Amino acid sequence: MTDQAFPAQQQQPPGLTGAMDPVPDHGETSYRGSGRLDGLGALITGGDSGIGRAVAIAFAREGADVAIGYLPEEQEDAEETARWVTKTGRTAVLLPGDLTEERTARALPERAAEALGGLDVLVNNAGFQMARRDAFEDVTTDEIDRVMRTNLYALFWVTQSALRHLGEGSSIVNNSSIQAYQPSTALLDYASTKAAINNLTVNLAAELGPRGIRVNAVAPGPIWTPLQPATQPEEKIEKFGQDTPLGRAGQPAEVAPAFVFLASPSDAGYVSGTVLGVTGGKPVF
Ligand code: NAD
Ligand code: MG
């Protein structure tokens, strides 16, 4: 075991924060805001835990009110995120629901806009993967379906519905992955959705540019979140992130500033159609 190693551990999806050892750093004690999202309303899918929680905390400290989507079984994580958001004096709205269901996904932005009094930023962050042990030809349709519906279909549905509320100056930030560039065979289906998200990000930026709406993505490398112990084998967890040039996994707190930058109308007003890597040194091209 090196200094950067994680204790072997396993959870069932979707995974919970409290069961992780060590518990991830979401910027609770470190993130300092400077009004870069003042007065904006943001919807963050999968905002209960991991990168989504760090984004919610950072957005709130930058002055945004935040609605978060998550699965009903993640209620305790969602409430913890809400606690940090309201501590800053901003509004937190909790919107449980399974985004693989079309009606639920399409309704989410409506619920968020109604509760926040409008919508300025959409963060498509919810995602699912499952490391594959079987041969490629044995992957079932149900397995493929869960990954595609969570990572791609839901992104289409939520974004389509959000566009009824997003106006000039608003923006969309998608969560991509290093897997779009350096795919692992065990995550073949997941990696393909992340490559599609990159393609969609650029194309939607072109489509929505004339409406004054910016579209970007963040491509994280290996980040210590509940998704990992819930979907990767224990032996992978122990070495998680050590294959990066920086030699370690990243924390959610280290990814959130990229989302803040891309969402900020003042900092990134001319940035659209780009994918920003936060990968510990792995190439994103
Ligand atoms: P996480 O488990 O904390 O967050 C993923 C969230 O997705 C869950 O909390 C859950 O609320 C949501 N979700 C999953 N299925 C859902 C469904 N059917 N309906 C509604 N919500 C659903 O893990 P994370 O790593 O922070 O993941 C956030 C995003 O970051 C994902 O898109 C993931 O692909 C991406 N990402 C993660 C890493 C990493 O190493 N952790 C690397 C690259 C990209
Ligand atoms: Mg979660």
Side-chain angles (χ1 to χ4, degrees), residues 6 11-20 23-24 26 43-56 68-81 94-102 104-105 107-108 123-131 145-155 157-158 173-184 187 189-195 197-198 217-232 236-237 240-241 243-244 248-256 258-259 275-280 282 284:
F6 292 102
Q11 292 195 47
Q12 293 307 307
L16 291 172
T17 308
M20 293 179 73
V23 171
H26 309 93
L43 168 60
I44 305 166
T45 65
D48 60 299
S49 60
I51 296 167
R53 180 186 289 181
V55 172
I68 66 171
Y70 56 97
L71 287 163
E73 56 263 47
E74 298 174 303
Q75 187 65 27
E76 67 181 70
D77 269 354
E79 284 174 12
E80 175 71 2
T81 301
L94 298 185
L95 302 173
D98 184 346
L99 297 182
T100 64
E101 295 164 2
E102 179 172 356
T104 307
L108 185 68
V123 178
N124 284 310
N125 167 73
F128 180 68
Q129 65 177 25
M130 183 51 75
D145 223 33
R146 181 162 177 186
V147 172
M148 298 289 161
R149 289 176 86 85
T150 310
N151 300 2
L152 272 185
Y153 277 63
L155 190 147
W157 293 327
V158 170
V173 190
N174 299 323
N175 204 334
S176 176
S177 171
I178 184 66
Q179 288 289 323
Y181 306 90
Q182 296 188 341
S184 310
L187 296 174
D189 45 0
Y190 170 84
S192 76
T193 67
K194 295 301 183 176
I197 287 171
N198 282 356
V218 175
I223 309 299
W224 185 235
T225 70
L227 184 68
Q228 299 304 338
T231 64
Q232 301 267 17
K236 277 263 162 71
I237 292 300
F240 184 61
D243 62 341
T244 59
R248 64 173 179 86
Q251 293 294 326
E254 297 179 294
V255 187
F259 284 86
V275 184
L276 179 50
V278 185
T279 61
K282 288 197 174 199
V284 284

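This structure is a prediction, so every number in the text was calculated from the model and none was measured. In listed order, ligands and their atoms are each counted from 1.
Annotation: atom 13 (N) of ligand 1 to nearest protein heavy atom, A126 CB, 3.9 Å. Nearest non-hydrogen protein atom to atom 18 (N) of ligand 1 is D98 OD1, 2.8 Å. Atom 39 (C) of ligand 1 has as its closest protein heavy atom Q228 NE2, 3.1 Å. Of the protein's non-hydrogen atoms, G46 CA, 3.8 Å is the one closest to atom 6 (C) of ligand 1. For atom 30 (O) of ligand 1, the nearest protein heavy atom (residue, atom name, distance) is N175 ND2, 2.9 Å. Atom 14 (C) of ligand 1 has G127 O, 3.5 Å as its closest protein atom, hydrogens excluded (heavy atom only). Looking only at protein heavy atoms, the nearest one to atom 1 (P) of ligand 1 is S49 OG, 3.6 Å. The closest protein non-hydrogen atom to atom 11 (O) of ligand 1 is E74 OE1, 2.5 Å.
Proximity of A249 to ligand 1, defined as any heavy-atom pair under 4.0 Å, is not found for any part of the residue. Of all the heavy atoms of L99, the ones lying under 4.0 Å from any atom of ligand 1 are found in both the backbone and the side chain. No part of R149 comes within 4.0 Å of ligand 1, judged by heavy-atom distances. Only the side chain of T225 comes within 4.0 Å of ligand 1, judged by heavy-atom distances. Neither the backbone nor the side chain of Q129 has a heavy atom within less than 4.0 Å of ligand 1. Contacts between P222 and ligand 1 below 4.0 angstrom, taking non-hydrogen atoms only, involve the backbone exclusively.
In this structure, OG of S49 and OD2 of D48 enclose an angle of 90° at the Mg ion (ligand 2), rounded to 10°.
Residue contacts with ligand 1: G69 is placed with no nitrogen or oxygen under 3.5 Å of a nitrogen or oxygen of the ligand (distance criterion only). The shortest N/O to N/O separation between F240 and ligand 1 does not fall below 3.5 Å. Checked against a 3.5 angstrom limit, the closest N/O atoms of G52 and ligand 1 fall outside it. On a distance-only criterion, Y70 and ligand 1 share no N/O pair closer than 3.5 Å. Close N/O approach between N125 and ligand 1 is found [any backbone or side-chain N/O within under 3.5 Å]. Any N or O atom pair closer than 3.5 Å counts here, and P226 shares no such pair with ligand 1.
Counting heavy atoms from C-beta on, the side chains of L108 and L95 come closer than 4.5 Å. V218 places none of its side-chain heavy atoms less than 4.5 Å from the side chain of V275.
Taking all heavy atoms of S177, G221, P229 into account, the minimum distance to atom 38 (C) of ligand 1 is reached by G221. When the options T45, N174, T231, T150 are ranked by their closest heavy atom to atom 15 (N) of ligand 1, first place goes to T150. Among I223, I51, T81, the residue whose heavy atom lies nearest to atom 37 (C) of ligand 1 is I51.
Atom OH of Y190 is separated from atom CG of L227 by 6.0 Å, given to the nearest 0.5 angstrom.
Of the possible donor and acceptor atoms, none in the side chain of N174 sits under 3.5 Å from a partner among the backbone N and O of S176. The closest donor-acceptor contact from the side chain of E254 to the backbone of Q251 lies under 3.5 Å. Q179 places a side-chain N or O within donor-acceptor distance of the main-chain N or O of S184, the cut-off being under 3.5 Å. At distances below 3.5 Å, at least one donor-acceptor pair connects side-chain atoms of R53 with backbone N or O atoms of D48. Under a 3.5 Å cut-off, the side chain of D77 and the backbone N or O of T17 do form a donor-acceptor pair. Side chain of E74 to backbone of L71: a donor-acceptor contact under 3.5 angstrom is found. The backbone N or O of N175 sits less than 3.5 Å from a side-chain atom of K194, completing a donor-acceptor pair. Side-chain atoms of N151 come within 3.5 Å of backbone atoms of F128 as a donor-acceptor pair (strictly under, hydrogens ignored).
Numbered from 1 in the order shown, with element, the atoms of ligand 1 that lie under 4.0 Å from a heavy atom of D48 read 8 (C), 9 (O), 10 (C), 11 (O). Counting the atoms of ligand 1 from 1 in the order shown, those under 4.0 Å from a heavy atom of P220 are 42 (C), 43 (C), 44 (C). When each atom of ligand 1 is checked for a heavy atom of L227 under 4.0 Å away, the hits are 2 (O), 23 (O), 25 (O), 33 (C). Those atoms of ligand 1 with a heavy atom of G50 less than 4.0 angstrom away are 3 (O), 26 (O).
By the 6.0 Å contact criterion, CD on E102 is enclosed, its count of non-hydrogen atoms from other residues, nucleotides or ligands being greater than 12. Summarising the local packing, NZ of K236 is surrounded by 12 or fewer heavy atoms from other residues, nucleotides or ligands at distances under 6.0 Å.
Using a 4.0 Å cutoff on heavy atoms, S176 counts as a contact of ligand 1. Using a non-hydrogen distance threshold of 4.0 Å, K194 registers as a contact of ligand 1. Heavy-atom distances between G97 and ligand 1 reach below 4.0 Å in at least one pair. Residue contact check for ligand 1: Y190 places a non-hydrogen atom closer than 4.0 Å to it.
Residues L16 and Q11 come closest through the heavy atom pair N-OE1, 2.7 Å. Closest approach of T225 and P252 over heavy atoms only: CG2-CG, 4.0 Å. The shortest non-hydrogen separation linking T279 to P220 is CG2-C, 4.3 Å. Of all heavy-atom pairs spanning R149 and W157, the tightest one is NH2-CH2, 3.7 Å.
Between F6 and W224, the two ring planes are parallel [angle under 30°; tilted spans 30° to 60°].
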**OP:** Evaluate side-chain hydrogen bond (donor to acceptor under 3.5 Å, both in side chains) for T45 paired with N124, printing each intermediate quantity in order.
**Re:** CA-CA 6 Å; T45 65; N124 284 310; 4.7 Å; no

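The atom name of the N/O/S atom in E74 closest to the Mg ion (ligand 2) is OE2.
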